[in-house]
Every structure is written in structure tokens, then in C-alpha cells.
There are 2 protein chains.
Amino acid sequence: MVSTTSSSQSDLLLAIEDQGHRHTETRRLVAEAIEASPESFTAEEICAQLPAVGRATVYRTLKLFLSADVLCKVTLPDGAPRYAIDTGGRHHHHSICTSCGAVSEFRASTVERVLRALEREVEGEITGHRMEIYVRCGKCQSGAAN
Amino acid sequence: MVSTTSSSQSDLLLAIEDQGHRHTETRRLVAEAIEASPESFTAEEICAQLPAVGRATVYRTLKLFLSADVLCKVTLPDGAPRYAIDTGGRHHHHSICTSCGAVSEFRASTVERVLRALEREVEGEITGHRMEIYVRCGKCQSGAAN
DNA sequence: ATGTTTATCGATACAAGGTATCAAAACAGG
DNA sequence: CCTGTTTTGATACCTTGTATCGATAAACAT
């Protein structure tokens, strides 16, 4: 058992506090809104849910969560960005359901293997990559419309 | 030999004419500017090179080239979009030199193999993907700064 | 409790990359 | 040359953020 306390402290919040950032009411509100969001969400959705919090602050806070690796930012096929809670550990990739927006993570091992293979095919040294998998998730396949 | 004529008709232009779009002076200018661009370029760079052409028109024309598959749009690690001439055939991916902006294509076969492997790991049916490989190209490795 | 320091906040303006609108101009075909 | 359809440029607007900056609120030590 890793966590037995019922302090109800948001994991998001804890993560940025661990990075030395202050615990503020505003950040708690943002974290709460994120945690209450289903699947994935947009920054503007959070802004709309928290009219008392400035737009800039919402973006700033999302950025903090991103850099603490507790939030991820994905890009839909049309280029629209969405955020989702990032539960996984180190390096991984995301699959996004284009129907409901659900984001899930998968281990990157297979991908890493490909990159190594590509190292022979690509001219130059690979310094990074970006990858997104678009899916139609189980729920959306079985469930009616959506 | 596929093309022996020296009609000097831009491939870009021909491609969109094949899609039923008109041949216009403006589009020729945009195609010319693109073909004169080294490596990759931004939409705003084209706008700056062609002050006589409206910004909206530049974007519209780039979009036409994109949908005719003669142009590709890539995203740098920081999210900035760039365009590059797309010479390859059907499905492929791009590697972008983060140092000089050179974009090259590589066959997607290896990637496709991974996707099939991922189909087991990912919940749901894969409907698409996005992939970008960032490199430091040969020229930039050997050449001094850059 | 209170002060003091520093981080954070909200409002606002601005930036980048596009898209919608719409009257005017340019094509293409007869 | 006429005419119908595309295309164009100007302009306004949209989305997704980021910079600025005076006001506010944490954190910490008195």
C-alpha cells in the first residue's frame, strides 16, 4: 500500500508542491475541476467552469501540471489540443478516442524498438519524436452513437 | 523516364489543377515561392516573400497543396508548424532536423508493423496516428554551428 | 498576531496561426 | 467580348496560448 492517508489532497496539487510551488486556493480549484472532468478536456472548458479564476492562471496552472508530469497534452487529428490526467510513469505515449476523447497510456517499449530500427533508415541522429494513436475505444464501439 | 517535358510547370500547381482547381497567377507565385524555399518554411515566410498576395490566400493555397498531397505540414517539438514539399507517394512519415529544418520522408512500413503490434496493447480499434521524428541531420552534424 | 518577502493572481494586451465574410477581380468557355 | 463561376484581398475574427504589471495572498520568521 502506497497511500493510506485519506487527506484528500489532490495528486495534481501534491505533484506541483513537490516541485516547490505554493499550495494556493486557485490551484486547488483548478486541480478539482480537472479531476472532475471526464476523459479529456480543453483549457477553455476549465476556464468556463471556473469563472472566478483568470484565464491566464488556468493556463499557467495547466503548464505547471504538465511540467510535473501529472498532466498530458494531446493533439486531436484536426490539431485541437486537449489535456488529460497522466497517471503513468516515465516515457509513454497516448491513445485518444476520437469519439469520446478518452485518453489512455501505453508503454513505449514497442515504439522505442521501432525508433531504433528507424535509426538506420533515417539520415541523421534521432533526437526526439512525437506520437499519437487515434482510436475508437471499446465503450464507443459497443455503445450506440457517440 | 516519367517526365521529359521542360514545360517548367510547377508540380505543385499541376497537382491542384488535377484536382479541378484553376490555374491562377497568384497560385503560381505561391508555388514558386515554395519551390524556392530551402528545407522547410512557415506560412508567414511565404506571406513575407509575397507582399502582393493576401495572407488568407497564402493559407488557402497551402491548404490546397496539402490536400493534393504535394505539401506536408510538420510540427516542431515546440509545436510550431512548418511546411515542406512532399515528394513521396502514399503513406509515409517525416523526420525533421531541429537544427536546419530539413524535412525528409521515410517509408512507414516499420511504423505500420508497430501499429499492428500496438493493436493488441491499446484498448479499442486504431483509427489513425500521428508521428514525427526529430533528428539532427548529417549536414548539421558535420557542419560547424547551425 | 504581525510583518516581510516572494510567489501568485487577474486583467489586459498581445502573439501566432488560421478561418469566415464579402465585394471586387480574374478565369474559362463559348 | 460576355457571362457564370472561382478566386482574391482586406478585414475581422477565432483559438490557444504568453507577457506585463499592479494588486493579492502564501509562507515564514519573528
Side-chain angles (χ1 to χ4, degrees), chain A residues 9-10 12-34 37 40-68 71-84 101, chain B residues 9-10 12-34 37 40-68 71-84 101:
Chain A
Q9 255 287 38
S10 154
L12 294 173
L13 226 40
L14 286 174
I16 63 172
E17 283 171 40
D18 285 351
Q19 313 253 304
H21 299 288
R22 286 185 182 171
H23 173 127
T24 73
E25 181 57 14
T26 304
R27 286 175 180 160
R28 199 185 56 70
L29 287 170
V30 174
E32 222 165 54
I34 291 174
S37 291
S40 56
F41 55 89
T42 66
E44 294 301 329
E45 279 165 14
I46 301 296
C47 291
Q49 277 170 56
L50 301 173
V53 176
R55 214 170 70 92
T57 301
V58 168
Y59 279 96
R60 278 190 288 241
T61 308
L62 290 177
K63 208 176 180 183
L64 283 179
F65 291 144
L66 285 177
S67 62
L71 192 69
C72 67
K73 185 179 174 179
V74 296
T75 307
L76 294 188
D78 68 357
R82 305 206 113 227
Y83 297 85
Chain B
Q9 254 287 40
S10 153
L12 294 173
L13 225 40
L14 287 174
I16 63 172
E17 284 171 40
D18 285 351
Q19 315 251 307
H21 301 288
R22 286 186 182 170
H23 174 128
T24 72
E25 180 57 14
T26 304
R27 285 175 182 161
R28 200 185 54 71
L29 286 171
V30 174
E32 223 165 54
I34 290 175
S37 291
S40 56
F41 54 89
T42 65
E44 296 299 330
E45 279 164 16
I46 301 297
C47 291
Q49 276 171 57
L50 302 173
V53 176
R55 211 170 73 94
T57 301
V58 167
Y59 279 98
R60 276 190 289 240
T61 307
L62 290 177
K63 208 175 179 182
L64 284 178
F65 291 143
L66 284 177
S67 62
L71 192 69
C72 67
K73 184 178 177 181
V74 296
T75 307
L76 295 188
D78 68 356
R82 305 207 113 228
Y83 297 86

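As a basis for the values below, the full set of heavy atoms in this structure was taken, side chains included, without hydrogen atoms, waters or symmetry mates. Chain A is the first sequence line, chain B the second, and so forth, proteins listed ahead of strands; every chain is numbered from 1.
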Heteroatom pairs (N/O) under 3.5 angstrom, protein to nucleotides 28-30 of chain D:
none

Subject >> Non-hydrogen atoms of B:Val30 and B:Phe65 that approach each other most closely >> reply: CG1-CE1, 4.2 Å

Original post:
How long is the gap from OG1 on B:Thr61 to CG on B:Leu13, to the nearest 0.5 Å?
Top reply: 9.5 Å

**OP:** Identify the heavy atoms of B:Ala43 and B:Val58 that sit nearest to each other, and give their distance.
**Re:** O-CG1, 4.0 Å

Subject >> Any side-chain heavy-atom pair of B:Glu32 and B:Gln49 under 4.5 Å >> reply: no

Subject >> Partner residues of A:Leu64 under the side chain to side chain contact (heavy atoms under 4.5 Å, CB included) criterion, sequence neighbours left out >> reply: A:Ile16, A:His21, A:Arg27

Subject >> Nearest atoms (heavy-atom pairs only) where B:Ala33 meets B:Ser37 >> reply: O-OG, 2.9 Å

**OP:** Would you kindly give the CZ-to-P distance between A:Phe41 and D:dG17, to the nearest whole Å?
**Re:** 11 Å

**OP:** Give the angle between the helix axes at the two ends of the helix from C:dA1-D:dT30 to C:dG30-D:dC1, taking five base pairs at each end and rounding to 10°.
**Re:** 30°

Subject >> Side-chain touch B:Leu62/B:Ile34, heavy atoms, less than 4.5 angstrom >> reply: yes

Original post:
What one-letter contact string describes nucleotides 7-18 of chain C from 5' to 3', where B marks a base within less than 4.0 Å of any protein heavy atom, S marks contact via sugar-phosphate atoms alone, and - marks no contact?
Top reply: BSBBBB----SB

Original post:
Among pairs that include at least one residue of residues 57-66 of chain B, which meet salt bridge (Lys or Arg N to Asp or Glu O under 4.0 Å), considering only residues two or more places apart or in two chains?
Top reply: none

Original post:
Taking only residues two or more places apart in sequence or in another chain, which ones pass salt bridge (charged side-chain N to carboxylate O under 4.0 Å, His left out) with A:Glu44?
Top reply: A:Arg55

Subject >> Distance (rounded to the nearest 0.5 Å) between A:Glu45 CD and A:Ser40 OG >> reply: 8.0 Å

